[in-house]
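Here the structure is a predicted model, which means the values were calculated and not measured.
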Amino acid sequence: MLSFGTPQARFAIECNSRAQEAYFEQTGEHGIHCPTPWPCPSALDPTIATEQSEHYVDTETTSELTLGMTVVDRLNVAGNERNRAVWAPLLRHGKKAKIHWTIDNRRWKQSLYSTLR
């Protein structure tokens, strides 16, 4: 992306420099795990998603082991008697999030690259 030579491409790489370092520290590989660019093309063209479903979603804020993790009720068990108390705040609002599990990678890259050029 840096070869595009645009301020947008430079910004996209530079703003993720710490993420690149962390990825190397965690995996020993050069690269980046960067899910953030996916939502923008999806908002403009939802057909880029090839598999999606709606679920309750929350962010863990109390556990030392999973602090900050996103929790998706993929099994749709939030309303079960055993889980209802934990998920109660979300169940009261009744709103589920649309989760895109897989995307058309070729189309996503085309969208991202055309934005950064």
Side-chain angles (χ1 to χ4, degrees):
M1 289 192 302
L2 281 177
S3 68
F4 297 162
T6 64
Q8 297 91 328
R10 207 167 21 267
F11 174 77
I13 296 299
E14 290 173 2
C15 74
N16 288 295
S17 62
R18 178 61 191 125
Q20 291 177 48
E21 292 170 10
Y23 187 81
F24 183 76
E25 290 169 8
Q26 294 169 357
T27 67
E29 299 174 1
H30 293 283
I32 189 170
H33 172 74
C34 190
T36 308
W38 159 235
C40 294
S42 171
L44 297 173
D45 182 3
T47 66
I48 291 175
T50 57
E51 180 187 0
Q52 60 187 345
S53 51
E54 292 187 3
H55 302 277
Y56 290 108
V57 178
D58 203 357
T59 302
E60 177 58 55
T61 59
T62 58
S63 169
E64 288 184 31
L65 178 62
T66 58
L67 183 66
M69 286 185 143
T70 301
V71 180
V72 178
D73 179 28
R74 191 167 189 178
L75 299 177
N76 295 313
V77 295
N80 292 0
E81 183 178 338
R82 183 178 71 163
N83 303 312
R84 197 172 300 132
V86 174
W87 288 90
L90 289 169
L91 292 171
R92 275 194 298 274
H93 290 97
K95 302 252 184 198
K96 292 185 175 183
K98 187 178 291 185
I99 307 298
H100 294 175
W101 299 106
T102 58
I103 63 171
D104 182 327
N105 201 40
R106 181 188 57 76
R107 289 180 54 215
W108 172 80
K109 281 185 179 180
Q110 286 175 339
S111 177
L112 175 65
Y113 291 173
S114 69
T115 301
L116 297 177
R117 285 194 166 112

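Judged by distance alone, the side chain of E60 and the main-chain N or O of T62 form a donor-acceptor pair under 3.5 Å. S63 contributes a side-chain N or O that, together with a main-chain N or O of T66, makes up a donor-acceptor pair within less than 3.5 Å. In terms of modelled atom types and a separation under 3.5 Å, the side chain of S17 and the main chain of E14 share a donor-acceptor contact. Between the side chain of T115 and the main chain of S111, a donor-acceptor pair closer than 3.5 Å is present.
In terms of heavy-atom proximity, D104 sits nearest to T50 at N-CG2, 3.8 Å. Between D73 and H55, the closest heavy-atom pair is O-ND1, 3.0 Å. Across S53 and W101, no two heavy atoms sit closer than the pair OG-NE1, 2.8 Å. Between V57 and A97, the shortest heavy-atom contact is CG2-CB, 3.8 Å.
Going from atom CG of L112 over to atom CZ of R117 covers 9.5 Å, rounded to the nearest 0.5 Å. Atom CE of M69 and atom OG1 of T61 lie 14.0 Å apart (nearest 0.5 Å). Here R10 contributes atom CZ and L2 contributes atom CG; the two are 8.0 Å apart, rounded to the nearest 0.5 Å. In this structure, L67 CG and L65 CG are separated by 10.0 Å, a value rounded to the nearest 0.5 Å. In this structure, K109 NZ and I48 CD1 are separated by 13.5 Å, a value rounded to the nearest 0.5 Å. Put simply, CG on L90 and CZ on R92 are 9.0 Å apart, with the number rounded to the nearest 0.5 Å.
Residues meeting the ring pair (Phe, Tyr, Trp, His ring centres under 6.0 Å) test with H30, sequence neighbours left out: F24.
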N76 and K96: CA distance, side-chain angles, deciding distance, side-chain contact (heavy atoms from CB on, under 4.5 Å) verdict: CA-CA 11 Å; N76 295 313; K96 292 185 175 183; 4.1 Å; yes
Evaluation steps, side-chain contact (heavy atoms from CB on, under 4.5 Å), between I99 and R74: CA-CA 9 Å; I99 307 298; R74 191 167 189 178; over 6 Å; no
Test log, rule side-chain contact (heavy atoms from CB on, under 4.5 Å), inputs I13 and Q20: CA-CA 9 Å; I13 296 299; Q20 291 177 48; 3.7 Å; yes
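Under a cut-off of 6.0 angstrom, the local environment of CZ in F11 is sparse, with at most 12 non-hydrogen atoms contributed by other residues, nucleotides or ligands. More than 12 heavy atoms of other residues, nucleotides or ligands shown are found within 6.0 angstrom of CZ on R18.
W87 places a side-chain heavy atom less than 4.5 Å from the side chain of V71.
In this structure, E81 does not pair ionically with R84, as no charged nitrogen and carboxylate oxygen lie closer than 4.0 Å.
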